[in-house]
Amino acid sequence: GEVEGLPRQEPDLPAFAGAQPVRPEPRVPPLLVADIGSAWAAVAGILAALFQRERTGRGSAVDIAMHDVAASWLTFPAAAAIVRGTAEASEPLPVTGEAACYNIYATADGRHITLAAIERKFWQTFCERIGCPQFIPIQFVHREQPRLREKIAAVFRSRTLADWLAMFADVDVCLAPMNTIDEALADPHLAFRGAVVSHGQSKFVRSPIVFGDRGVDVPGHDRPAIVPAPPLGRDTDEVLRSVGLDDSDLAGLRRRAVI
């Protein structure tokens, strides 16, 4: 797709995907980390159990708890507590919004942009492109972060979102627009990948798992076709007949409003 090869990481990708809304106050997270995460964990567990069965002939019970899944996402944000036994007296990790190089900024037109230049090469390129090479050596100097955030915020407020994206289009810097959901669903890269498709008046976000022949570069084309869901009760008679019911039985069930 058109963004293939561009550097992207958190929080750029959620921003691109329309999953990073901007609100001034804490809010209910829009991503169902425990819910959808548990489904993916179950898929991984079931596949692992099937593989074990093929290797050993033994089956397994797969136990997935939503609380466990939610806790599994703490590996990075809780790193200090995991390593030291407590998070007290620890400097914030650079991915919490404290670091200027890894943050969200407002642009001149009221839009927002994510900056995730946590690696030195990205940060250096960013600072040089905005004409502030003096920021390079203080990237992770803790006491400098409030001032650095203010300076960079002022820089971003000087141009529109489109201007900033154009300015950085030809360099490797982890920087992305904070798309709305409508913008995200219309993203050309997702369309090229076949990840978002239209059917009638509806749009569908397809499974991110794509299968294809090795060496064949046709992303999205091997995804299952989108078909409308069957109307309620379409297969009821067929299913009930398959277990031995006849027309008289079906009529009786309908008279009693069972089906």
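The basis for the numbers below is simple: all heavy atoms, side chains too, and nothing from hydrogens, waters or symmetry mates.
In this view, R241 and D247 satisfy the side-chain hydrogen bond (donor to acceptor under 3.5 Å, both in side chains) rule, not counting sequence neighbours. V258 is linked by a side-chain contact (heavy atoms from CB on, under 4.5 Å) to L253, R256, counting only residues two or more places apart in sequence or in another chain. By the side-chain contact (heavy atoms from CB on, under 4.5 Å) test, R255 is found to be paired with A251, residues two or more places apart in sequence or in another chain being considered. Looking at residues two or more places apart in sequence or on another chain, you find a side-chain hydrogen bond (donor to acceptor under 3.5 Å, both in side chains) between R111 and E183.
Annotation: ring-ring contact (aromatic ring centres under 6.0 Å, His included) contacts involving residues 151-178, sequence neighbours excluded, comprise Y105-F156, F126-F156, F126-F168, F156-W164.
Checked options N103, I104, L175; the residue passing with L115 is L175 (criterion: side chain to side chain contact (heavy atoms under 4.5 Å, CB included)).
In this structure, the separation between CG on L47 and CD on Q52 is 13.0 Å, given to the nearest 0.5 Å.
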**Audit row: T107, D109, side-chain hydrogen bond (donor to acceptor under 3.5 Å, both in side chains) steps and yes/no** = CA-CA 6 Å; T107 56; D109 53 347; 2.6 Å; yes

**Request:** Go through the steps to decide whether R254 and D249 satisfy the test salt bridge (Lys or Arg N to Asp or Glu O under 4.0 Å), and finish with yes or no.
**Result:** CA-CA 9 Å; R254 285 194 166 87; D249 297 322; over 6 Å; no

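A distance-only check finds no donor-acceptor pair linking the side chain of W123 to the backbone of C101 [under 3.5 Å]. Q145 places a side-chain N or O within donor-acceptor distance of the main-chain N or O of Q139, the cut-off being under 3.5 Å. Between the D235 side chain and the E238 main chain, no donor and acceptor come within less than 3.5 Å of each other. Under the 3.5 Å distance criterion, the side-chain polar atoms of S60 are left unmatched by any main-chain donor or acceptor of V62. At least one donor-acceptor pair under 3.5 Å links the side chain of R149 to the backbone N or O of E98.
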Can you give each donor-acceptor pair under 3.5 Å made by side-chain atoms of residues 194-201, sequence neighbours left out, with the distance rounded to 0.1 Å?
none

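Residues V141 and I152 fall within the same hydrophobic cluster, defined by Ile, Leu, Val, Met, Phe, Trp and Tyr side chains chained together at heavy-atom separations under 4.5 Å. Cluster membership check: M167 shares its hydrophobic cluster with V173, using side-chain heavy-atom separations under 4.5 Å among Ile, Leu, Val, Met, Phe, Trp and Tyr.
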